[in-house]
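Quick notes on the structure that follows.
Lettering follows sequence order; numbering is per chain, from 1.
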Number of protein chains: 2
Amino acid sequence: MSYCDTCVIRNQAICSALTTEELSALNAIGRRRDLEPGESLMWEGDDSLLVANVIDGVLKLSTGTEDGREQIVGVVYPSDFIGRPFGATSSQNVTALTNSRVCIFSRTDFDAFASEHPALEHKLLKRTLSELDRTRRWLLLLGRKNAEEKIATFLLEMAERLGAGGSDEWESPISFDLPFSRQQVGDILGLTIETVSRQMTKLKKEGVIDLPSRRAVVILDRQSLEDHAG
Amino acid sequence: MSYCDTCVIRNQAICSALTTEELSALNAIGRRRDLEPGESLMWEGDDSLLVANVIDGVLKLSTGTEDGREQIVGVVYPSDFIGRPFGATSSQNVTALTNSRVCIFSRTDFDAFASEHPALEHKLLKRTLSELDRTRRWLLLLGRKNAEEKIATFLLEMAERLGAGGSDEWESPISFDLPFSRQQVGDILGLTIETVSRQMTKLKKEGVIDLPSRRAVVILDRQSLEDHAG
DNA sequence: CGGTCCGTTGAGAAGTCTCAATACAAGTGG
DNA sequence: CCACTTGTATTGAGACTTCTCAACGGACCG
């Protein structure tokens, strides 16, 4: 009996490239692990010993400077892939933001398995190419946008990933709970916590969004938010 | 007679995954093209019609905002791969910075060829994973480093890619010519041309680097430059 | 009730940008 | 050979954005 049989991400993750038989071979080299918020799965600079699929939860990928400044370089959701196959060291920290469940493989086991299953590598390649596109778009945000544009862009991306709106997907309002603290939003956007707070308050005062509680966001005027995003 | 037989990047580019026979099949669907500085190969938002290998030269990948701000999101050198396989639209501009030569494929032809040659996809996957790591490191630079640290980090990376030093690779001085104007350095680092100029002048006055001509850089004190890089 | 965590708000400092002037190098035509 | 133009880089002064430091507020918990 394989964990994979009942896995909720069976058809979304890279596993969807595999037949039932192949999947049971993969299952044999993997195991599940639960993580609590704040718990880390791997650290920047460490040997790359693990790779994993996210089954449930939200995790951050981050790097930092020696003097403690942090930058979040990626956020992963269920069915996303984590870790650095075919590489000696992992180049970022991976930390759970919510209660999370992941499906872990030894990196060397996974490398060997992937090398024998081109369809799996093909899925992983497509995923990696998409992630590279997404990351490059983030470079524009960090390099050339001001605080207001950063916040607006960020909220729109969150809405797309997490949002629940009305009947029409373009219809306001769209509401969701951020899986991030203000500090973490700052670490994503390259801003301080105070600047994040001020810009969100400003958008609220302008009637573009509402902030009913600490983590909750409601987008009242999507068009206006897009105008603010630059 | 195939172009590939005499290709200088035959053993560095993803082509190195292929046998001689496979390579001649790839050669059949590719063609060479020369580009002048400033000439573009593809544009952000266009249909993804082409992919290519860089044979010679340096090219930039860039995106911009509607109001004309630009961010360089990648720089490619000989043997690097360009374009977005398995995707409908290209997400950045690709523009030659120097006289360049590329080996072009129709994206759909390449997709089909790659899907039948797992070793090629494997090479491309490894390359894409490395590029993603590099891009994520750039997020830290753009999000959390100040102008001085950005310039120092940038010069060190350029030295690594382009540098010619003394007998010992760690020995100063290391000298190279930047393939970028000051404006382009600004577009890479998310700074204005004036800030780039001021910070470089500052490092020169401190004796860390020398700037014998517009494009030339000499790293006089590598350790000090690393200290400035944060 | 007091403590802790997190977010908000305020005031001043610092860094970067904007705008303007100047400098320098290379090329052109007289 | 010398003005003149053009493109690029440097330098300066002031404006603006964001950061830093500090105080305050609200929610949750013992």
Side-chain angles (χ1 to χ4, degrees), chain A residues 36-38 64-65 67-71 97-98 140-155 177-206 209-218 228 230, chain B residues 36-38 60 65 67-71 97-98 140-155 177-206 209-218 228 230:
Chain A
E36 312 221 320
T65 57
D67 61 339
R69 287 170 284 175
E70 179 173 329
Q71 176 66 46
L97 296 176
T98 64
L140 176 64
L141 178 140
L142 287 179
R144 292 299 190 197
K145 292 194 176 181
N146 64 28
E148 180 180 34
E149 294 170 324
K150 284 178 176 179
I151 293 288
T153 306
F154 170 76
L155 291 176
D177 271 24
L178 291 174
F180 311 109
S181 67
R182 291 288 186 272
Q183 179 62 61
Q184 286 161 350
V185 176
D187 290 341
I188 291 171
L189 299 176
L191 298 171
T192 59
I193 184 173
E194 295 95 334
T195 300
V196 171
S197 180
R198 278 188 255 266
Q199 293 297 333
M200 293 192 54
T201 303
K202 181 157 158 276
L203 287 171
K204 180 180 175 181
K205 281 181 181 160
E206 292 174 6
I209 61 172
D210 191 24
L211 303 168
S213 73
R214 295 195 157 180
R215 297 289 183 108
V217 177
V218 183
H228 281 85
Chain B
E36 310 222 322
K60 66 171 182 177
T65 56
D67 61 339
R69 287 171 283 176
E70 179 173 330
Q71 177 67 46
L97 297 177
T98 64
L140 175 65
L141 178 140
L142 288 178
R144 292 301 190 196
K145 292 193 176 182
N146 63 27
E148 180 180 32
E149 294 169 323
K150 284 178 176 180
I151 293 287
T153 306
F154 170 75
L155 291 176
D177 271 24
L178 291 175
F180 311 109
S181 67
R182 292 288 186 271
Q183 180 61 60
Q184 286 161 350
V185 175
D187 290 341
I188 291 172
L189 299 176
L191 297 171
T192 59
I193 185 172
E194 295 94 333
T195 300
V196 171
S197 181
R198 279 187 254 268
Q199 292 298 333
M200 293 194 51
T201 303
K202 181 156 158 278
L203 287 171
K204 180 180 175 181
K205 281 182 181 158
E206 291 174 5
I209 62 172
D210 190 24
L211 303 168
S213 74
R214 294 196 158 183
R215 297 289 184 106
V217 177
V218 182
H228 281 86

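Each of A:Gly143 and A:Thr201 was assigned the nucleotide of DNA chain C with the nearest heavy atom; the assignment lying further toward the 5' end belongs to A:Thr201.
One cannot find a donor-acceptor pair under 3.5 Å joining the base of D:dT8 and the side-chain atoms of B:Arg182. The base of D:dT20 sits with one of its N or O atoms less than 3.5 Å from a complementary donor or acceptor on the side chain of A:Arg198.
Near-neighbour residues of DNA chain D inside residues 146-154 of chain A, defined by a heavy atom below 4.0 Å, number-ordered: A:Asn146, A:Ala147.
The side-chain heavy atoms of A:Ile151 and A:Lys202, taken from C-beta on, include no pair separated by under 4.5 Å. With contacts defined as side-chain heavy-atom distances shorter than 4.5 Å, the pair B:Ile209/B:Val218 does not qualify.
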Give the table of side-chain donor-acceptor pairs shorter than 3.5 Å for residues 186-201 of chain B, with sequence neighbours excluded, one pair per line with atom names and distance.
{"residue": "B:Asp187", "atom": "OD1", "partner": "A:Arg144", "partner atom": "NH2", "Å": "2.9"}
{"residue": "B:Asp187", "atom": "OD1", "partner": "B:Gln183", "partner atom": "NE2", "Å": "3.1"}
{"residue": "B:Thr192", "atom": "OG1", "partner": "B:Thr195", "partner atom": "N", "Å": "3.4"}
{"residue": "B:Thr192", "atom": "OG1", "partner": "B:Thr195", "partner atom": "OG1", "Å": "3.1"}
{"residue": "B:Thr201", "atom": "OG1", "partner": "B:Ser197", "partner atom": "O", "Å": "2.8"}

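Distance B:Lys202 NZ to D:dG12 P: 15 Å, rounded to the nearest Å. With rounding to whole Å, B:Lys204 atom NZ is found 14 Å from D:dA9 atom P. Separating the CD atom of B:Gln199 from the P atom of D:dT10 is a distance of 12 Å, rounded to the nearest angstrom. In this structure, B:Leu97 places its CG atom 13 Å from P of D:dT8, rounding to the nearest Å. Atom CD1 of B:Ile193 and atom P of D:dG12 are 17 Å apart (whole Å). Following rounding to the nearest Å, B:Arg214 (CZ) and D:dG7 (C1') show an atom-to-atom distance of 7 Å. The separation between B:Arg144 atom CZ and D:dT18 atom P is 13 Å, rounded to whole Å. Rounding to whole angstrom units, CG of residue B:Leu142 and C1' of D:dT18 are separated by 16 Å.
For the atom pair A:Leu140 CG and A:Thr153 OG1, the distance stands at 8.5 Å (nearest 0.5 Å). Between the NZ atom in A:Lys150 and the CG atom in A:Leu141 there is a gap of 6.0 Å [rounded to 0.5 Å]. The distance from the CG atom of A:Leu178 to the CG atom of A:Leu97 is 11.0 Å, given to the nearest 0.5 Å. Between atom CD of residue A:Glu149 and atom CZ of residue B:Arg69 there is a gap of 4.0 Å, rounded to the nearest 0.5 Å. In this structure, B:Leu203 CG and B:His228 NE2 are separated by 5.5 Å, a value rounded to the nearest 0.5 Å. One distance of note links CD of B:Glu70 with OG1 of B:Thr65; it measures 9.5 Å at 0.5 Å rounding.
A:Arg214 contributes no side-chain N or O that, together with a main-chain N or O of A:Arg182, makes up a donor-acceptor pair within less than 3.5 Å.
Nucleic acid contact class of A:Ser181 (heavy atoms, under 4.0 Å, all strands): sugar-phosphate only. Using a 4.0 Å heavy-atom distance criterion, B:Gly190 is classed as a sugar-phosphate-only contact.
Protein chain B touches strand DNA chain C; the 5'-most and 3'-most nucleotides with an atom under 4.0 angstrom of its non-hydrogen atoms are C:dT16 to C:dC24.
Contact annotation: A:Thr195 does not reach the phosphate of D:dT18 (side-chain N/O to OP1 or OP2, under 4.0 Å). Side-chain nitrogen and oxygen atoms of A:Thr192 include none within less than 4.0 Å of the OP1 or OP2 phosphate oxygen of D:dT20.
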